[in-house]
Amino acid sequence: ASFLPPAPRRRRRVACAAMSAEAAPGVEPAEAEPVAAALAEMVEEAAVWCAVHGLVVGDRADPRSGMVPGVGLVHAPFSLLPARFPTSFWKQACELAPIFNELVDRVSLDGEFLQAALSRTKQVDAFTARLLDIHEKMMAINKKEDIRLGLHRSDYMLDSETNSLLQIELNTISSSFPGLGSLVSELHRTLLKQYGKVLGLDSKMIPRNWAATQFAEALGRAWAEYNNDSAVVLMVVQPEERNMYDQYWLVNHLKESYGVTTIRKTLAQVEAEGEVLTDGTLVIDGRTVAVVYYRAGYAPTDYPSEAEWRARLMMEQSSAVKCPSISYHLVGTKKIQQELAKPNVLERFLDNKEDIAKLRKSFAGLWSLDNEEIVKAAIEKPDLFVLKPQREGGGNNIYGHDLRDMLIKLQKEQGESLAAYILMQRIFPKASLTPLVRGGDCFEDLTISELGIYGAYLRNKDKVVLNNQCGYLMRTKVSSSNEGGVAAGFAVLDSVILT
Ligand code: ADP
Ligand code: MG
Ligand code: MG
């Protein structure tokens, strides 16, 4: 997701030496002093660890930090301690990854389904309409993607009302933080090796996290399937990206482990420097592209002019492997998530009954707004719902009073405007007091956490080359904020400690 945060909100700053023992659950008050002392020491050690291990982002205080690598770095915001997470739910989430990977692939092959399910959205959402236009063009020429690469992240929260693991969404484009997420797990493991005893936390209970190397492996193997030694991976990026080091971790692994070169280009550069040869080869700046990996292109702001749309269409028309293809991208929309949750829809795409049951168990309530009863219920009790447009990257959902006002307004407009949104059951994770570190300062706040499980899928025609769960990302946010963007300044990167 993008990394252009608004100005930070003022928050209560806690001198970590005086930090309460509540931060380390299960520690008796008599032991509070050594705990507070340990936490205070840990803040500085952790910040140093980030600096020497590349757990860094561009600093918004430096205007060049989003453009020039190596300039204006600051440690990524992180939680000082890993988030406690029950082992059973952890296993459940990991098990779902390969099933969701397969589901995305199956749904992507059903172009008619995607077009039909999104047809009403298309009338009212210009951005989705543009994506659908590209998809329709590919259908018209019967474009086949033999090599299909998916790098996904399925996000979950633990709902305290129902005591269940529920999916928030499935990201099929630009799934962020595989690089930095792996590092946070390492940071926490390092800290707990030293301080675990006094904190009553065992470093061995932090699951290993290979998201960065596994995503690089998937990209490397997709590159190998394309079978052209002189070809490169094209990473499509935003012109300004403060989360570039997360991306460079993949670039680095690709080079070191697979000898594969990555070039970074914006959509505008792709349009200016790129062409598709008559045999379908994508050439950018004179280099053949084996794999297009999108870390941009998921938001309307990524397409400020027609040039960017021409670039997207050109890449789609080429024979390069696209991560994601236009079909994979569309499968990740909120509307498709809601359609897949309808009765008997999963059955159209998957055969294994147990797999279907596992997926369905993770689905929260999801509704289209042509359901008048639900719209009425949401107007009456807006706090039990989230209203979602077809957008990615955080900060787009509508809650509470705004949700009620919006629904009333949309109803009055009549027409199709309701079709731009879906309604989702609001999930209520249990809040806990957590020390968060941002800009070298430690703050204690009531937080809730969202677990993302990465999945990689690669196939070439009938051969499934990879279908893996590959690491995880915990994001912890202040519970008073509705949206949990790390980039947006309300959340921090975190890891998991199994309980
Ligand atoms: P995006 O694609 O923009 O990330 P999400 O569906 O992930 O959209 O929503 C953004 C954030 O909103 C989530 O990270 C989560 O914090 C919050 N959120 C989304 N859906 C729900 C829900 N059903 N219940 C509670 N919080 C939610
Ligand atoms: Mg998303
Ligand atoms: Mg999300």
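Note that ligands are numbered from 1 as they come in the structure, with each ligand's atoms numbered from 1 the same way. Along the sequence shown, residues are numbered consecutively beginning with 1.
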Ring pair (Phe, Tyr, Trp, His ring centres under 6.0 Å) evaluation trace for Phe215 with Tyr454: CA-CA 9 Å; Phe215 264 27; Tyr454 294 104; 5.2 Å; yes

Criterion salt bridge (charged side-chain N to carboxylate O under 4.0 Å, His left out) on Arg310 and Glu306, from CA distance to verdict: CA-CA 6 Å; Arg310 281 196 296 274; Glu306 284 302 308; 5.4 Å; no

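Between Glu169 and ligand 1, at least one pair of N/O atoms sits closer than 3.5 Å. Note: no N/O pair closer than 3.5 Å links Asp155 and ligand 1 by distance alone.
Between the side chains of Ser495 and Ser185, no donor-acceptor pair of N or O atoms lies under 3.5 Å. A donor-acceptor contact closer than 3.5 angstrom is absent between the side chains of Arg148 and Tyr457.
With a 4.0 Å heavy-atom cut-off, ligand 1 is reached by the side chain of Lys477 but not by its N, CA, C or O. When heavy-atom distances to ligand 1 are checked against a 4.0 Å cut-off, Ile427 comes that close through both its backbone and its side chain. By the criterion of a heavy-atom distance under 4.0 Å, the backbone of Arg391, and not its side chain, is placed next to ligand 1. With a heavy-atom cut-off of 4.0 Å, Asn397 touches ligand 1 through its side chain alone. Heavy atoms of Glu392 found under 4.0 angstrom from ligand 1 belong to the backbone as well as the side chain.
Residue Asn171 counts as close to the Mg ion (ligand 2), with an N, O or S atom under 2.8 Å. In summary, no N, O or S atom of Asp155 is located under 2.8 Å from the Mg ion (ligand 2). At least one N/O/S atom of Glu169, from backbone or side chain, sits under 2.8 Å from the Mg ion (ligand 3).
We find that Lys143 and Glu145 are joined by a salt bridge, their nearest charged nitrogen and carboxylate oxygen being less than 4.0 Å apart. The residues Arg295 and Glu241 are annotated as not salt-bridged, no charged nitrogen and carboxylate oxygen being separated by less than 4.0 angstrom. Here Glu392 pairs with Lys334 in a salt bridge; the nearest charged N to carboxylate O distance falls below 4.0 Å.
Remark: ligand 1 atoms within the under-4.0 Å shell around heavy atoms of Met157 are 15 (C), 16 (O). Close approach to Lys334 involves these atoms of ligand 1, each under 4.0 Å from a residue heavy atom: 1 (P), 2 (O), 6 (O), 8 (O). Residue Met424 has at least one heavy-atom neighbour below 4.0 Å for each of these atoms of ligand 1: 23 (N). Contact atoms of ligand 1 toward Gly393: 1 (P), 2 (O), 3 (O) (distance under 4.0 Å to a heavy atom of the residue).
Residue Leu330 forms a side chain to side chain contact (heavy atoms under 4.5 Å, CB included) with just one option from Ile134, Ile336, Leu118, and that option is Leu118.
In this structure, Tyr399 is part of the shell of residues with a heavy atom less than 4.0 angstrom from ligand 1. The closest approach between any non-hydrogen atom of Val386 and ligand 1 is below 4.0 Å. Using 4.0 Å as the threshold, Ala364 has no heavy atom nearer than that to any atom of ligand 1.
Scanning all heavy atoms of the two residues, the minimum distance from Leu403 to Leu387 falls at CD1-N, 3.6 Å.
The local environment of CD in Glu347 is crowded, with over 12 non-hydrogen atoms from other residues, nucleotides or ligands closer than 6.0 Å.
With Gly394, Ser449, Gly395, Pro429 as candidates, the residue nearest to atom 3 (O) of ligand 1 on a non-hydrogen basis is Gly394.
Aromatic rings of Phe113 and Phe349 (six-membered ring for Trp) have centroids within the 6.0 Å cut-off, being under it.
As for Glu392, its N/O/S atom nearest the Mg ion (ligand 2) is the one called OE1.
Phe85 and Phe89 have perpendicular rings, their planes meeting at more than 60° on a 0 to 90° scale where under 30° would count as parallel.
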